[in-house]
Amino acid sequence: MKPQTGTGLANGKIILAGEHAVVYHEPAIALPIDAVYVKADIVSAQIGQTIQCELYTGDVNEMPTSMAGLQFAICEAFKRASAKEVTAHTFTLSIESTIPAERGMGSSAAVSVAVVRAIFDFLDATLPEETLWDIVQGAETISHGNPSGIDTATTSGTRPVFFKKEQELQTLHLDMPAYLVIADSGVTGNTKQAVQHVSTLQERIIDPTTQETGSDAVQSIGAIVNETKEAIKEQNPQKLGQLMSENHERLQQLGVSHDVIDTLVDTAHQNNALGAKVTGGGLGGCMIALVETEEAALHLQEQFMKQGAQAVWIQSLAKKENTK
Ligand code: MEV
């Protein structure tokens, strides 16, 4: 008999504006990044429930606690798609990912999205969007504590999003003559720790001169995101770049940047980028810079690599290349 199979895909993501503030019901803007993705493949097996991925190969029921979020996604997907526990099925699930883990590019959400899609495909079951959302958010809550949902929303879609917690998702029309250069600092970030750190600053004064609290910085980021939405609508790269840099300063104030990221941000400014910022959870991870031409993007890519970046991707913000 032919083996039963299933496949699932998901994109990586970057946050253009609003990370961290989005946890406090401020808006954020994020884009799926096609250059990095996850593919999950599942095939029926004679015995057992086996998972194969870079971090672990073995029984689904014995996955390490660091992978408890993904384990939840697998078990929950089988339960919801077949009304039977995962142990009622026998399979091998393989996960291939080009999204660097813990670098603010949505790796954990993308892995869950791809795996849930593969399992529903394997069982020939229809996957409603709300079911995908519930399972992936459940997995993200186990991994990160208090996820806003922006990673789940962006890695499961193909369009730029304007996201506000507990509000209907808006997709954005992004068509700008500009390029994002995305650099992986090579420093492992920690979203859970970064989100916890920002929570401790909400009532605290973070700037003695202005007497601003962490909560004030969060609100300022919200205002930056609303202006970013306008800059996108106006197709104005200069304004977008300036807002990115203002956003970075606010994230620095909240203590979620990193020396290596700040050095890359300085490199971007020295090379005439329109703006640059840390992206995602921070405390390492990735940064993004905005430039106007492909030539400038390639030049910056080279500069970032010389500076020690682990990988650098270029994403056009012109319509045909950022939407499907
Ligand atoms: C992580 O990609 C984005 C954060 O805002 C956390 C979240 O929104 O869940 C840091």
Side-chain angles (χ1 to χ4, degrees), residues 10-33 36 38 69 73 97 99-113 133-157 160-167 169-170 180 182-185 187-202 214-215 217-226 228 244 247-248 250-258 261 277-288 313 315:
N11 291 113
K13 70 98 196 8
I14 59 106
I15 297 184
L16 195 58
E19 49 275 270
H20 287 289
V22 68
V23 173
Y24 300 90
H25 292 86
E26 296 294 340
I29 295 174
L31 328 176
I33 298 292
V36 287
V38 179
S97 175
I99 310 178
E102 298 186 67
R103 303 284 162 76
M105 291 185 90
S107 161
S108 64
V111 168
S112 295
V113 168
W133 172 270
D134 282 355
I135 300 175
V136 177
Q137 268 301 89
E140 286 289 279
T141 305
I142 294 168
S143 309
H144 298 315
N146 185 19
S148 64
I150 192 162
D151 288 14
T152 304
T154 321
T155 58
S156 59
V161 299
F162 180 84
F163 178 91
K164 215 167 169 184
K165 217 168 162 178
E166 284 149 30
Q167 286 196 11
L169 189 68
Q170 287 177 36
L180 277 182
I182 306 156
D184 176 0
S185 67
V187 178
T188 302
N190 187 324
T191 302
K192 188 173 188 174
Q193 202 184 320
V195 169
Q196 265 163 9
H197 171 71
V198 172
S199 76
T200 65
L201 300 181
Q202 289 309 294
S215 166
V218 159
Q219 280 178 35
S220 305
I221 293 176
I224 291 171
V225 176
N226 285 318
T228 300
M244 283 166 60
N247 195 162
H248 182 67
R250 290 300 188 177
L251 292 165
Q252 277 179 315
Q253 273 186 314
L254 289 172
V256 293
S257 191
H258 186 282
I261 293 284
K277 67 184 276 289
V278 61
T279 185
L283 299 180
C286 289
M287 56 78 68
I288 54 175
W313 302 270
Q315 173 100 5

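All ligand and atom numbering here is 1-based and tracks the order in the structure. One is the number of the first residue; the rest follow in order along the sequence.
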Taking the side chain as every heavy atom from C-beta outward, state whether [X] and [Y] have any pair of such atoms under 4.5 Å apart.
| X | Y | value |
| --- | --- | --- |
| Val38 | Val113 | no |
| Phe163 | Thr154 | no |
| Asn247 | Glu19 | yes |
| Ile33 | Lys13 | no |

Closer than 4.0 Å to some heavy atom of [X] - which atoms of ligand 1 meet that?
| X | result |
| --- | --- |
| Ile15 | 2 (O), 3 (C) |
| Glu19 | 5 (O) |
| Val22 | 5 (O), 8 (O) |
| Ile150 | 8 (O) |
| His20 | 4 (C), 5 (O), 10 (C) |
| Gly281 | 1 (C), 10 (C) |
| Asp151 | 1 (C), 2 (O) |
| Pro147 | 9 (O) |

Only one of Ile15, Leu180, Val161 passes side chain to side chain contact (heavy atoms under 4.5 Å, CB included) with Leu31; say which it is.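 Passing option: Leu180.
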
For Tyr24, the option from Ser199, Ser215, Ser148 that meets side chain to side chain contact (heavy atoms under 4.5 Å, CB included):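 The single option meeting the side chain to side chain contact (heavy atoms under 4.5 Å, CB included) with Tyr24 is Ser199.
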
Which option wins on minimum heavy-atom distance to atom 8 (O) of ligand 1: Ser148, Ser108, Gly189, Ala194?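 The option holding the nearest heavy atom is Ser148.
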
Quick test of your reading of the model: are Glu140 and Lys192 salt-bridged, counting only N-O distances below 4.0 Å?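 Salt bridge between Glu140 and Lys192, a charged N being under 4.0 Å from a carboxylate O: no.
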
Report yes or no: does His144 have a heavy atom closer than 4.0 Å to ligand 1?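 Distance cut 4.0 Å: His144 fails for ligand 1.
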
Look at ligand 1 and say whether Gly104 reaches it with a heavy atom at a distance under 4.0 Å.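 Contact check Gly104 vs ligand 1: negative.
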
Side-chain donor-acceptor contact under 3.5 Å, Ser185 with His258: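 On atom types as modelled, these side chains do not qualify, holding no pair under 3.5 Å.
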
